[in-house]
Engineer: 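Got a structure for you, written out below as structure tokens; questions coming shortly.
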Amino acid sequence: GRDAWTVVVACVTLVAYTAVIRVVGFELPTIALLAVWMRVFGGESWRTTVAVSVGVTVVVYLVFILALGVALPHLA
């Protein structure tokens, strides 16, 4: 049913995310993935979707790239 398709779409978006992250870095795919999940699966407003998607991506960048020095592919 609908729940099964939700899981399938979520898995497909994760596979696409992992394929694209190596090419363009994590910033843009992370914003896109969070936006799709929040808007499609969560039914959030555009304002909330944009704010949370960008905000989470900035926090991940600050923590993992700057503070911890993790070698994630990212925009130069």
Side-chain angles (χ1 to χ4, degrees):
R2 178 172 160 78
D3 291 337
W5 280 111
T6 300
V7 172
V8 169
V9 171
C11 289
V12 168
T13 58
L14 279 176
V15 169
Y17 176 78
T18 59
V20 173
I21 197 171
R22 294 181 182 136
V23 178
V24 297
F26 84 92
E27 294 93 338
L28 298 177
T30 301
I31 291 170
L33 178 72
L34 290 171
V36 167
W37 281 18
M38 290 184 66
R39 190 76 178 137
V40 174
F41 301 140
E44 296 294 335
S45 69
W46 278 111
R47 182 181 305 209
T48 301
T49 298
V50 170
V52 172
S53 297
V54 172
V56 167
T57 303
V58 168
V59 169
V60 168
Y61 182 87
L62 293 173
V63 170
F64 288 99
I65 302 296
L66 295 182
L68 298 176
V70 175
L72 286 172
H74 62 92
L75 298 172

Engineer: Only one of V58, V60, V59 forms a side chain to side chain contact (heavy atoms under 4.5 Å, CB included) with V56, so which one is it?
Structural biologist: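 Passing option: V60.
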Engineer: Looking at every heavy atom in both I21 and T18, which two are closest together, and how far apart are they?
Structural biologist: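 Answer, listing the atom of I21 first, then T18: CG2-O, 3.3 Å.
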Engineer: Flag yes if L72 and V24 sit in one hydrophobic cluster, no otherwise; membership is Ile, Leu, Val, Met, Phe, Trp, Tyr, and two members link when side-chain heavy atoms are under 4.5 Å apart.
Structural biologist: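 L72 and V24: separate clusters.
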Engineer: Do F41 and V50 land in one hydrophobic cluster if side-chain heavy atoms of ILVMFWY residues count as linked below 4.5 Å?
Structural biologist: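 Looking at the clustering, V50 is in the same group as F41.
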Engineer: Atom CE in M38, atom OG1 in T49: separation rounded to 0.5 Å?
Structural biologist: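 The distance works out to 4.5 Å.
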Engineer: Any pair with a residue in residues 51-62 that passes side chain to side chain donor-acceptor pair (under 3.5 Å), sequence neighbours left out, goes on the list, sorted by first then second residue, please.
Structural biologist: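 Side chain to side chain donor-acceptor pair (under 3.5 Å) check on residues 51-62 returns no pairs.
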Engineer: Count I, L, V, M, F, W, Y as connected when their side-chain heavy atoms are under 4.5 Å apart, and connections chain through other members. Are L14 and V52 then in the same cluster?
Structural biologist: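 Result: yes, single cluster for both.
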Engineer: Run the side-chain donor-acceptor check on residues 29-37: report pairs under 3.5 Å with partners two or more places apart or on a different chain.
Structural biologist:
| from | atom 1 | to | atom 2 | distance (Å) |
| --- | --- | --- | --- | --- |
| T30 | OG1 | Y17 | OH | 2.7 |
| T30 | OG1 | F26 | O | 2.5 |
| W37 | NE1 | T13 | OG1 | 2.9 |

Engineer: With S45, which residues qualify under side chain to side chain donor-acceptor pair (under 3.5 Å), at least two apart?
Structural biologist: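 With sequence neighbours excluded, S45 shows a side chain to side chain donor-acceptor pair (under 3.5 Å) to T48, given in chain and number order.
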Engineer: Going hydrophobic residue to hydrophobic residue with side-chain gaps under 4.5 angstrom, can you get from L66 over to V54?
Structural biologist: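 The answer is yes; both residues are in one hydrophobic cluster.
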Engineer: Identify all side-chain donor-acceptor contacts of residues 3-12 below 3.5 Å with residues at least two apart in sequence or on another chain.
Structural biologist:
| from | atom 1 | to | atom 2 | distance (Å) |
| --- | --- | --- | --- | --- |
| T6 | OG1 | R2 | O | 3.0 |

